[in-house]
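Remarks on the structure that follows.
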Amino acid sequence: MSEARRAILARIRAQLARPPSAEEAARHDVAARLARTAPVLIPARAQLEGEARIALFCEKARTLGCAIERLPDLGALSGAVLAALRRHNLPLELVRAADPLLDAAALEAEPLLSVRIGVPEESDAVGLTVALAGVAETGTIMLASSRARPTLLAFLPETSLVVLPCAWIKGSYEEAWAMLRALPGWPPRSVNLVTGPSRTGDIPPSIELGAHGPKRLILFLIDRIG
Amino acid sequence: MADSPRVALFVTCLVDLFRPSVGWAAVALLEAAGCRVEVPEPQVCCGQPAFNSGDRRTTEDLARQLIPALEPFDYVVAPSGSCAGMLRRHFPELFEGDPAWSARARAVAAKSFELVSFLVEVRGMRVPPGRFSGRVTYHDSCSGLRELGIKDQPRRLLRAMSGLELIEMEGCEVCCGFGGTFCVKYPEISTKMVDDKAARAEASGAELLLAGDLGCLMNIAGRLARRGSNMQVRHVAEVLAGRLDAPPIAQSRG
Amino acid sequence: MEPLSLAFRERAARALHDPVLATAMQRLERGWQAARARAAADLPEFEALRDAAVAIKDHVLANLDLYLEEFERRFTAAGGVIHWARDAAEARAIILDICRRAKARTVTKSKSMVAEEIGLNAYLEAQGLRVIETDLGEYIIQLAGDVPSHLVGPAVHMTRERIAELFAKAHGGPPKQDSAALVAEARQVLRQRYLEADVGITGANFLIAETGSIVTVTNEGNAELTQGLPKVHIALTGIEKIVPTVAEAFVFLRLLARSATGQEFSAYTTFLTGPKREDERDGPQEMHLVLLDNGRSRMLGGPFREMLRCIRCGACMNHCPVYLAAGGHAYGWVYVGPMGSVLTPHFVGIDKSWPLPNASTFCGRCEEVCPVRIPLPKLMRLWREEAHKRGLAPPAARVGLTLWAFFARRPALYRLATRLAMAALGALGRRRGRFSRLPFASGWTVSREFPAPQGPTFTAQWRAARGAKG
Ligand code: SF4
């Protein structure tokens, strides 16, 4: 195995034929490059602020087939979740992340809703998790795995509910990623950029939703948290 | 030189052999644009058939034969995007790292132009000398379009001709399937491509199809004729120069 | 997969009579081509992103050894296990070994062209493993015992009716009529397979040296279930897939979907850094990465290095009139369209694939749309040079070229010969202005009239009219 490694690296070096005198400069170059985290190019459309940014996020996400509900605070979440499940004729049951935001929303206090905390199973129809950022540029949400937020919550159940505080909506992927950098244990094991529900064009003629991942993606944007 | 540059007309082998009237149209246009036109010898071919067949040796030999003939002139102009592209883009590439020829190839490349873009961009032509009335459509030949950026120049001149109505066909930028030796190496695919082109040209409602490359034009005209279409096909220079006395490509007199 | 590329012309000719293929290719042309144009026009920075992408890849390729080491260090630190594979056989053996050690019986796979390149499925199946493709297109192909015909949409050549038949045969029940029902059926069936799988195999679109992460991009979400449910995840990709930093990955991600399908972003872009962390409740316990060379390093030293910038978006084929006429299967190996015409000779040898780089009019659309500006026509031309050197061309073409070159090198003789020939042809064709049949030109006249020359050549006329100056 390490023989293959040696052989491949040797082949590469032979082909590149970098003179020994250039070796140090090249290493320096690479190290400098890896230390640089500044964005390369952020499109103008991503450079929006405030409401305009939220509006672009919503427009893009809706175009892709996301449903979006804007709520004043976390207190409104359980009612909104219940209403959404009813609207789609779904069982009033969900599995959720152990995220403090969801704890604060007190979903368990809603008598009609049955809530489990943990990793979803095959039989779970609805998963609820928290996004760590939104990206206005393309209506994308950024999820990051942790003990509290199993990745599968947004992939296994057919309906994916995601809570996203408005203040966490950024213009570009780069700004969203910068928020992640501040987290302990960075980088997280799994970072998912989710842009609309699962889709496929493999069976003509139409684009169908829900190929493997969620068929329904419902976003709850929260104006004020904490 | 500014008022009356000395221009070498690189007539291209196809025009020389099959449609000299395009050569004369080019001469007329260049003279109308104030150029002194000469046809230097030896000029046979820019070497594309060899180049695109992977025969590098022959390509280089032909280029070495041609370059000295073109060197004395202020400009080299060809009524073809693909031959001009060969001179402008590929000659320098051919001699990269060749100390004797690289500079000469680059010098010739720098002063080589496709006819219509030369008229518009170098000579500032706004209104062409010819007259024409009728509906025409324009096919963008690949090399001219993608190697030399020829898109707007012919259209600008055509639109300046009163009585000429320019109608765009669907897929005007799609290859006609000529591709030099491609059309005989892969006749089935080439036929499908030129048939699509012919169908789209007919569907445009134009009565005349124009382009800047004789290879594409012979291909398209040949297919239109086989389809029994009465759409006419000409080189754009013929219309711009108003030299329409020769019958359209693949058509008989009368 | 044994290459069938030598039969390109015959296979293409047959494909031209396939109405199903024609409809599928029209979908690509009117759908993806138009969508890409819109997506590019909607992003004013698109061209600048392309330039940035080229610069990043060129920098990485020039320092590939160093970046691979940096990537390896971080990937390993995150708990991943890296495996270097010199060639296809080595990669297959590594993967089988991991499966064996995991006591695997069922393996799920999300779409990977590198897996096709090394013939992974057939190999694992021959070793007694059950391999399930999860990308819907690949799944359909697998059921049909077929091979992909497109980089991004492997089953573009299939109709809904055919898919319905395949599903009915594999899953039981009557064939479903609409796409939604078929998708739902596949979802349900494949759900079980995900849960049964012991090992999940994915590709990787990018490897990020800064973080030691691998990036997968899908629309279906199958990569996430493939790597997220079984206890072992194996990623398989080529050594050229490295980008330095996350910030630089976003340059490519902004280009990839727009170039491929005209979407602004694919539905799922996932950055994975190591296996399940100790305190986590989901994720694979082991994460392996098989880094494949298979001749890629050979391309670094010469003009083909530029081909290693390829991000497998498929734009070149979506815009290639030859691909759109012939379909992907005509190419006879894993990689198709213009990128395939450049890559296939590297993998299978030019002697087994010379018709591919010849099957281009050099119209240049591929290069025009390639997000990383690979000069595909130039690279195909280089293969033609190699083929020419080895005498790989149909005899008629060789004879024709030699004859032409003989005259072209002798301008005086050429003038004389062409003057006589054109005079004769011109006289013969004068009445109709064209020929319906000509000896030695049947490739042309089989479907086209051959325009007759006007008669006297231009150079002869010029000399007569303006004298022999110049
Ligand atoms: S060659 Fe360019 S256009 Fe073709 S698949 Fe690769 S990156 Fe895309």
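Here is how names work: the chains are called A, B, and so on, in the same order as the sequence lines, proteins then strands, and each is numbered from 1.
Interface residue C:Pro456: only backbone heavy atoms are found under 4.5 Å from chain B. Neither the backbone nor the side chain of B:Val233 comes within less than 4.5 Å of any heavy atom of chain C. Both the backbone and the side chain of B:Thr58 come within contact range of chain C, judged by heavy atoms closer than 4.5 Å. For a residue to count as touching a neighbouring chain, one of its non-hydrogen atoms must lie under 4.5 Å from one of that chain's; by this rule C:Trp404 touches chain B with the side chain only. In this structure, chain B has no heavy atom under 4.5 Å from any part of C:Ala393. In this structure, the portion of C:Phe8 lying under 4.5 Å from any heavy atom of chain B is its side chain and not its backbone. Contact of C:Glu386 with chain B is not made at all, since no heavy-atom distance falls under 4.5 Å. Neither the backbone nor the side chain of B:Glu147 comes within contact range of chain C, judged by heavy atoms closer than 4.5 Å. Both the backbone and the side chain of B:Ser190 come within less than 4.5 Å of a heavy atom of chain C. With a threshold of 4.5 angstrom between heavy atoms, C:Ala387 does not approach chain B through any atom at all. Heavy atoms of C:Ala13 lying under 4.5 Å from chain B belong to its backbone as well as its side chain. For a residue to count as touching a neighbouring chain, one of its non-hydrogen atoms must lie under 4.5 Å from one of that chain's; by this rule C:Arg432 touches chain B with the backbone only. Of the two parts of C:Ser442, neither the backbone nor the side chain holds a non-hydrogen atom closer than 4.5 Å to a non-hydrogen atom of chain B. Of the two parts of C:Arg431, only the backbone, made up of N, CA, C and O, holds a non-hydrogen atom closer than 4.5 Å to a non-hydrogen atom of chain B. Both the backbone and the side chain of B:Ser53 come within contact range of chain C, judged by heavy atoms closer than 4.5 Å. Proximity to chain B involves both the backbone and the side chain of C:Gln461, based on heavy atoms less than 4.5 angstrom apart.
The residue among B:Leu62, B:Val174, B:Leu14 with the most heavy atom pairs within less than 4.5 Å of chain C is B:Leu62. Listed options B:Glu173, B:Lys185, B:Met193, B:Arg19 were ranked by heavy-atom pairs under 4.5 angstrom with chain C; first place goes to B:Arg19. No other option in C:Pro355, C:Ala405, C:Ala359, C:Ala452 has as many heavy-atom pairs under 4.5 Å with chain B as C:Ala359. Contacts with chain B were tallied for C:Glu368, C:Met380, C:Glu29; C:Glu368 has the most, counting heavy-atom pairs under 4.5 Å. When each of C:Glu449, C:Met422, C:His319, C:Lys389 is scored by its heavy-atom pairs under 4.5 Å with chain B, the top score falls to C:Glu449. If you tally non-hydrogen atom pairs under 4.5 Å between each of C:Ala465, C:Ser360, C:Ala326, C:Gly426 and chain B, the highest count goes to C:Ser360. Heavy-atom pairs under 4.5 Å with chain C were tallied for B:Gly171, B:Pro42, B:Ala225; the largest tally goes to B:Ala225. Ranking B:Asp195, B:Leu9, B:Ile249, B:Asp61 against chain C, the residue ahead of the rest is B:Asp61, based on heavy-atom pairs under 4.5 Å.
B:Pro49 and C:Leu401 make their closest contact through O-CD1, 3.9 Å (heavy atoms, listed as atom of the first residue, atom of the second, distance). Scanning all heavy atoms of the two residues, the minimum distance from C:Pro411 to B:Gln65 falls at CG-NE2, 3.4 Å. Contact record, C:Gln454 with B:Ser21: NE2-OG, 2.7 Å, taken as the closest heavy-atom pair. When every heavy atom of C:Val322 is checked against every heavy atom of B:Ile189, the shortest pair comes out as CG1-CD1, 4.1 Å.
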When you look at B:Glu188 and C:Val446, which way does the side-chain contact (heavy atoms from CB on, under 4.5 Å) test go after all the steps?
CA-CA 9 Å; B:Glu188 298 86 2; C:Val446 67; over 6 Å; no

Between C:Phe450 and B:Phe18, is a ring pair (Phe, Tyr, Trp, His ring centres under 6.0 Å) present by the stated rule, with each step listed?
CA-CA 11 Å; C:Phe450 191 85; B:Phe18 287 92; 5.6 Å; yes

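At a threshold of 4.5 Å between non-hydrogen side-chain atoms, the residues C:Arg381 and B:His90 count as touching. Residues B:Cys183 and C:Trp444 form a side-chain contact, since some pair of their non-hydrogen atoms from C-beta on lies under 4.5 Å apart. A 4.5 Å side-chain heavy-atom check between C:Thr361 and B:Tyr186 finds every atom pair outside the cut-off. Side-chain atoms of B:Lys192 and C:Pro321, non-hydrogen and from C-beta on, never get closer than 4.5 Å to each other. Using a 4.5 Å heavy-atom threshold, the side chains of B:Glu41 and C:Trp462 count as separate.
A side-chain donor from one of B:Asn219 and C:Arg448 sits under 3.5 Å from a side-chain acceptor of the other. No side-chain donor from either of B:Arg226 and C:Ser447 sits under 3.5 Å from a side-chain acceptor of the other.
Enclosure of atom CG in B:Asn230 is not indicated, since only 12 or fewer non-hydrogen atoms of other residues, nucleotides or ligands lie within 6.0 angstrom. Within 6.0 Å of CZ on C:Arg409 lie more than 12 heavy atoms contributed by other residues, nucleotides or ligands.
With rounding to the nearest 0.5 Å, the separation of CG in B:Asn52 from CZ in C:Arg384 is 6.0 Å. Separating the SG atom in C:Cys363 from the CZ atom in B:Phe178 is a distance of 14.0 Å, to the nearest 0.5 Å. To the nearest 0.5 Å, atoms OG (B:Ser252) and CZ (C:Arg434) are separated by 7.0 Å. Summarising the geometry, atom NZ belonging to C:Lys378 is positioned 13.0 Å from atom CZ belonging to B:Arg89; distances are rounded to the nearest 0.5 Å.
The residues B:Glu170 and C:Arg30 are annotated as salt-bridged, a charged nitrogen and a carboxylate oxygen being separated by less than 4.0 angstrom. Between C:Arg415 and B:Asp16 there is a salt bridge, since at least one side-chain N of the basic residue sits less than 4.0 Å from a carboxylate O of the acidic one. Remark: C:Arg463 does not engage B:Glu38 in a salt bridge, criterion side-chain N to carboxylate O under 4.0 Å. By the 4.0 Å N-to-carboxylate-O rule, B:Arg146 lies too far from C:Glu367 to be salt-bridged with it.
The only member of B:Val15, B:Leu17, B:Val11 that meets side chain to side chain contact (heavy atoms under 4.5 Å, CB included) when paired with C:Thr457 is B:Leu17. Residue C:Phe458 is tested with B:Thr12, B:Val39, B:Val22 for a side chain to side chain contact (heavy atoms under 4.5 Å, CB included); the sole match is B:Val39.
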